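Reminder, nothing fancy here: chain letters follow the sequence lines and each chain counts from 1. These numbers were taken from a predicted model, which means no experiment stands behind them.
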Amino acid sequence: MRLVMMGTGPFAVPTFRKLYETDHTVVALVTGPLKDHRPGVAVGPMRDLAHEHLTPIFDPEDINSPESQVSLAAMEADLLVVCDYGQILSAAVLGTARLGGINLHASLLPKYRGAAPINWAIYHGETETGVSVIHMTPAVDAGPIIAQASTPIRPDETAVELEARLAEIGAWLMVRAIDTLQEGHVEAIPQDPAQASKAPRLKKSDGLIDWNRPAAAIRNHVRAMEPWPKTFTFWHRESGPPVRLILGPVSALPRTPKGVGPGTVVEAARDRLVVAAGEGAVLIQGVQPAGKRLLSTREFLNGHRVRPGDRFGPEQAPAMPLSIASR
RNA sequence: CGCGGGGUGGAGCAGUCCGGUAGCUCGCGAGGCUCAUAACCUCGAGGUCCUAGGUUCAAAUCCUAGCCCCGCAA
């Protein structure tokens with residue numbers, strides 16, 4: 001079949017690579033426009049792969065514009081293979097290929113529809129997720145499911161690690177789906193809207209830690225927000241403005257410190273930095289101060305006088321120890 | 001010219017505004033204490049304060065130019 005690959009981000013790379021190992025023809029790569037044209041800026045693995053195989057690149061600002069549709073139609077594709085592309089395709093665009101488009105989505109649809117399914121799955125403490133290949137419809141991530149595969153989420157797996165695994169599984173699933181499509185007999189299963197949930201694109205503010213949540217939830221938060229926006233909090237000192245800290249790896253400690261409110265530093269010595277959470281406590285194993293690289297807790301504490309009793313929390317509202325009173 | 005932070009013994013930082021003896025927490029070395037220790041005590045080594053020029057009696061600190069590193073830009 002004549003395939004048009006549509007993808008931009010790293011999640012699409014394994015799928016794109018695998019297409020070249022099939023008997024199908026990759027007619028073109030459709031990808032996001034280059035943002036920074038300065039020399040020396042990497043153009044990205046998707047473009048590199050296309051160059052390597054002498055595949056033409058099409059990178060319109062707006063894929064749904066009439067001009068873009070004309071260009072797509074001229075490719076006379078059988079199928080649009082879409083993965084981590086970044087733009088929503090109109091019905092007209094989907095119609096430019098004989099069989100329409102299929103999309104690889106990194107969740108067990110209908111759960112976690114949207115741009116950041118991996119991150120939100122980890123954030124919510126899911127122990128299993130997967131990939132789905134759907135037939136594309138104008139409603140985002142809502143088309144009938146052609147193929148699906150699940151995988152467990154390891155307890156300490158970060159979003160980056162999970163994404164890499166799912167991309168590989170997804171590439172394999174995509175190729176299988178394409179082959180079944182070619183054979184013509186596809187039993188696509190409609191999604192149950194009642195089971196649907198949302199996984200919206202991440203915002204920087206999604207990285208702000210809420211120390212009132214249980215320690216285990218904070219740990220999930222930290223591993224979910226990789227590689228962006230990361231999780232951060234503010235260290236409120238006796239003197240000077242609050243310092244923004246990006247958290248490195250953290251562990252959840254089961255014991256809830258007595259007599260202090262969530263966000264209070266309960267230990268700050270050597271290589272141990274422990275902060276009270278709403279339930280349990282969080283052991284911070286690495287810290288990145290604003291404008292600095294990631295420091296081990298030991299390095300950080302050598303240079304910064306964090307003391308037990310200091311508060312971690314949002315930038316505003318020091319939220320003086322609300323409850324010296326014990327629980 | 002995208003925005004911002006920074007360059008001070010091996011690590012992380014303070015000192016810079018307001019020029020005047022190189023400081024803190026560690027690490028390293030020697031010794032001591034201890035049944036013992038990542039604990040504690042004593043002593044010690046180790047620094048062109050990024051570079052070049054300028055101002056000055058005197059520059060880590062002020063002025064000018066440059067180099068390099070990092071974070072955020074989704």
Next on the checklist: Going by the rule side-chain hydrogen bond (donor to acceptor under 3.5 Å, both in side chains), which residues pair with A:T22 if we only count those two or more places apart in sequence or in a different chain?
Outcome noted: none
Checklist entry - Of all residues at least two apart in sequence or in a different chain, which pass the ring-ring contact (aromatic ring centres under 6.0 Å, His included) check with A:H53? => result A:Y20
Checklist entry - When rounded to the nearest Å, what value does the distance between P atoms of B:A14 and B:G5 take? => result 14 Å
Checklist entry - With both distances kept under 3.5 Å, what pairs with B:C62, Watson-Crick or G-U wobble? => result B:G54
Item to check | Interatomic distance at C1', B:G44 relative to B:G10, whole Å | outcome: 16 Å
Using the 3.5 Å cut-off, write out each protein N or O paired with an N or O of nucleotides 3-5 of chain B and the distance between them.
none

Hey, can you pull the donor-acceptor pairs under 3.5 Å for the side chains in residues 192-201 of chain A, sequence neighbours left out?
residue	atom	partner	partner atom	Å
A:D192	OD1	A:A194	N	3.0
A:S197	OG	A:Y112	N	2.9

Item to check | Nucleotide paired to B:G12 in any strand shown, Watson-Crick or G-U, under 3.5 Å | outcome: B:C24
Item to check | Inter-nucleotide P distance (B:C18, B:G29), Å rounded | outcome: 44 Å
Polar atom pairs between nucleotides 22-25 of chain B and protein, under 3.5 Å, N or O only, would you list them?
residue	atom	partner	partner atom	Å
B:C24	O2'	A:R305	NH2	3.1
B:U25	O2	A:N302	O	3.3

Which pairs of donor and acceptor atoms, one on a side chain in residues 266-278 of chain A, lie under 3.5 Å apart (sequence neighbours left out)?
residue	atom	partner	partner atom	Å
A:E267	OE2	A:R272	NE	2.7

Checklist entry - If we call it a pair only when both distances are under 3.5 Å in a Watson-Crick or G-U wobble match, what pairs with B:A45? => result none
Checklist entry - Can you name the side-chain hydrogen bond (donor to acceptor under 3.5 Å, both in side chains) partners of A:Q182, sequence neighbours left out? => result none
Checklist entry - Which whole number of Å gives the distance between the C1' atom of B:G31 and that of B:G23? => result 25 Å
Item to check | Separation of the P atoms in B:U48 and B:A60, to the nearest angstrom | outcome: 13 Å
Checklist entry - Mind checking what makes side-chain hydrogen bond (donor to acceptor under 3.5 Å, both in side chains) contact with A:S251, not counting sequence neighbours? => result A:Q285
Next on the checklist: Work out how far the P atom of B:G7 is from that of B:G12, and round it to whole angstrom.
Outcome noted: 11 Å
Checklist entry - Closest nucleotide of RNA chain B for A:Q288 versus for A:H304: which of these residues is on the 5' side? => result A:H304
Item to check | B:G71 pairs with, by Watson-Crick or G-U criteria that keep both distances under 3.5 Å | outcome: B:C3
Checklist outcome for this item: Sorted by chain and residue number, the ring-ring contact (aromatic ring centres under 6.0 Å, His included) partners of A:H304 (sequence neighbours excluded) come out as A:F300
